[in-house]
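One structure is given below, encoded as structure tokens.
Here is how names work: the chains are called A, B, and so on, in the same order as the sequence lines, proteins then strands, and each is numbered from 1. Worth saying up front: this structure is predicted, and the values here are computed from it rather than measured.
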There are 2 protein chains.
Amino acid sequence: MRQNPARRRALLDAAIEVLARDGSRGLTFRAVDAEAAVPGGTASNYFTNRDDLLGQVTARTRERLTPVEAEVAATMRAPRNRDLVVRLMRELHGRMLRDRSSYLAMLELRLEATRRPELQAALTDVFSANLQDGIRFHLDAELPGDQTTVLVLYLAMSGLLVDDLTVPAVLAPFPREELIADLVERILPPEASPGLPS
Amino acid sequence: MRQNPARRRALLDAAIEVLARDGSRGLTFRAVDAEAAVPGGTASNYFTNRDDLLGQVTARTRERLTPVEAEVAATMRAPRNRDLVVRLMRELHGRMLRDRSSYLAMLELRLEATRRPELQAALTDVFSANLQDGIRFHLDAELPGDQTTVLVLYLAMSGLLVDDLTVPAVLAPFPREELIADLVERILPPEASPGLPS
DNA sequence: AACGTAGTACTACACTTGGAGTGGTGTCAA
DNA sequence: TTGACACCACTCCAAGTGTAGTACTACGTT
């Protein structure tokens, strides 16, 4: 088993690319070798089997999908109102556009997880942590809305991402910028946070 | 090319099952034969190639996912308020639970469509029609809310379905019935339809 | 009632592909 | 000098496809 971390990362990034381009069906050691432009047989030396590869791809994808701290910090200098939430959602959407491969790979992994308990456990951790982080972030930052708000935003954005990744033409009639603004507007009541109803 | 429609349908249903259980990776003519419990080579006689099979599977899935008219009609006897929308969303979710295979197959098809223009066109039609139907149904039935409401509901429910299909444990802490009610509550303002703001 | 025919079901086989894994050699750096 | 790794080549194995050939069934014909 080889150790070279740079090469391992390169292979994992190649695997993500393959996964996004050719799907789970096309993900073979040989395809990863080719995509990473390394000699045939290399992937065999770095991963014991397909499961191992998928597991490590999951971890790598998680790294790649974590937003850059600095960028978020910059955005968070603005006042805590609905416009800021809109901006955050647009940035999330932008991240998807920029790293389409990672998001597509994640979708492939979700489906693969359907039939691989270990992978499902790993992915559940990733998404649960992601959701919890989202909720905590939202509340700590004192953004308008409560836990349920974040949950519904999470779901709607999920749906939007899936559609944009797989059948973009369906929502093409609705310009993204506006759609996201509308989405937040509907989910987040106009005035007075509903998180404190009493 | 064989014509027997009953057998063709059986093969397509088998293909959906295979797709849901083993994914696109496991979808081979032989696997379909095995799942349908027909002699090996049969699928070869009914579909010219994989693309052909996928195309016909798409059509079949569409059939299977169309809600039963009568069921909807029964539900629609109720007064047009938010509770009714909640009920409709719960029924949508229930349909997913009942025909999990079809929904999973659809997800697989979405990903497959990423790299097959013909399939993408077909799926775009399916989902566009679905969305348009949803909007028209909602407005014609004079349910509370406007087009944007339906759109956001569609997105949020999409997200919920994807999560429930692939990593159900993530949203397990939030009981479905309640989650769906909350979701509608947030997206659909409590009183006075926002579709007519002026 | 016997025959013929068309369409299918079924079986088996031959062919091809593609990927996995591994051993061996070369290379670089500590 | 030694150990880790890159690179290359080769073999083995498994899977799937498509099709030829045979058997069956139903139906129409005379």
Side-chain angles (χ1 to χ4, degrees), chain A residues 1-60 105 108-109 111-112 114-116 118-119, chain B residues 1-60 105 108-109 111-112 114-116 118-119:
Chain A
M1 175 79 49
R2 302 295 139 87
Q3 297 307 331
N4 186 340
R7 188 160 259 237
R8 164 161 269 126
R9 211 174 325 113
L11 287 170
L12 290 173
D13 284 339
I16 289 174
E17 219 53 48
V18 172
L19 218 40
R21 174 160 36 80
D22 303 326
S24 167
R25 187 177 171 77
L27 185 70
T28 66
F29 283 1
R30 285 303 194 261
V32 172
D33 291 337
E35 177 69 28
V38 297
T42 301
S44 286
N45 291 328
Y46 278 83
F47 311 99
T48 60
N49 53 41
R50 224 181 116 86
D51 269 49
D52 182 27
L53 173 60
L54 287 173
Q56 297 196 34
V57 165
T58 304
R60 176 65 183 145
E108 293 280 356
L109 288 173
L111 283 170
E112 201 65 27
T114 285
R115 50 200 98 94
R116 292 175 194 268
E118 283 193 24
L119 189 54
Chain B
M1 176 80 45
R2 303 293 139 86
Q3 297 307 332
N4 186 339
R7 189 161 258 236
R8 164 161 267 124
R9 212 176 322 113
L11 287 170
L12 290 173
D13 284 339
I16 289 174
E17 220 51 49
V18 172
L19 219 38
R21 175 161 34 79
D22 304 327
S24 167
R25 187 177 171 75
L27 184 70
T28 66
F29 283 0
R30 285 304 193 260
V32 172
D33 290 338
E35 177 69 29
V38 298
T42 302
S44 286
N45 289 330
Y46 277 83
F47 311 99
T48 60
N49 53 42
R50 221 181 118 86
D51 268 49
D52 182 27
L53 173 60
L54 287 173
Q56 296 196 35
V57 165
T58 304
R60 176 64 182 148
E108 292 280 357
L109 288 173
L111 282 171
E112 201 67 28
T114 285
R115 50 201 98 91
R116 291 174 194 268
E118 283 193 22
L119 189 54

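Atom CZ in A/Arg50 sits roughly 12 Å away from atom C1' in C/dG19 (whole-Å rounding). Per the geometry, CG belonging to A/Leu53 stands 15 Å off C1' belonging to C/dG21, to the nearest Å. Taking atom CG of residue A/Asp52 and atom C1' of nucleotide C/dA20, one finds them 15 Å apart after rounding to whole Å. Counting to the nearest Å, the P atom of D/dC5 and the CZ atom of A/Phe47 are 14 Å from each other.
The heavy-atom pair separating B/Arg115 from A/Leu19 by the smallest distance is NH2-O, 4.3 Å.
Put simply, OG1 on B/Thr58 and CD1 on B/Ile16 are 9.0 Å apart, with the number rounded to the nearest 0.5 Å.
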Got a list of protein N/O to nucleotides 25-28 of chain C N/O distances below 3.5 Å?
none

- [ ] Let me have a per-nucleotide readout for nucleotides 5-15 of chain C, 5' to 3', with B, S or -, counting only protein heavy atoms under 4.0 Å.
- [x] ---SBSB-B--
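For the segment residues 17-26 of chain A, the set of residues with a heavy atom within less than 4.0 Å of an atom of DNA chain C is empty.
In this structure, the side chain of A/Arg7 does not engage the main chain of A/Gln3 through any donor-acceptor pair within 3.5 Å.
Screening residues 39-54 of chain B for salt bridge (charged side-chain N to carboxylate O under 4.0 Å, His left out) gives B/Arg50-B/Glu112, B/Asp51-B/Arg116 as the qualifying pairs, with residues at least two apart or on separate chains.
A close approach under 4.0 Å does not occur between any side-chain nitrogen or oxygen of A/Ser44 and OP1 or OP2 of C/dA20.
One finds a salt bridge joining A/Asp13 and A/Arg60 here, because a Lys/Arg side-chain nitrogen approaches an Asp/Glu carboxylate oxygen to under 4.0 Å.
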Which pairs would a plain distance check flag for residues 34-48 of chain A, meaning a side-chain donor or acceptor within less than 3.5 Å of a matching protein atom at least two apart in sequence or in another chain?
{"unit_1": "A/Glu35", "atom_1": "OE1", "unit_2": "A/Arg21", "atom_2": "NH2", "d": "2.2"}
{"unit_1": "A/Thr42", "atom_1": "OG1", "unit_2": "A/Pro39", "atom_2": "O", "d": "2.6"}

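Residues meeting the side chain to side chain contact (heavy atoms under 4.5 Å, CB included) test with B/Ala15, sequence neighbours left out: B/Leu27, B/Val32, B/Leu53, B/Val57.
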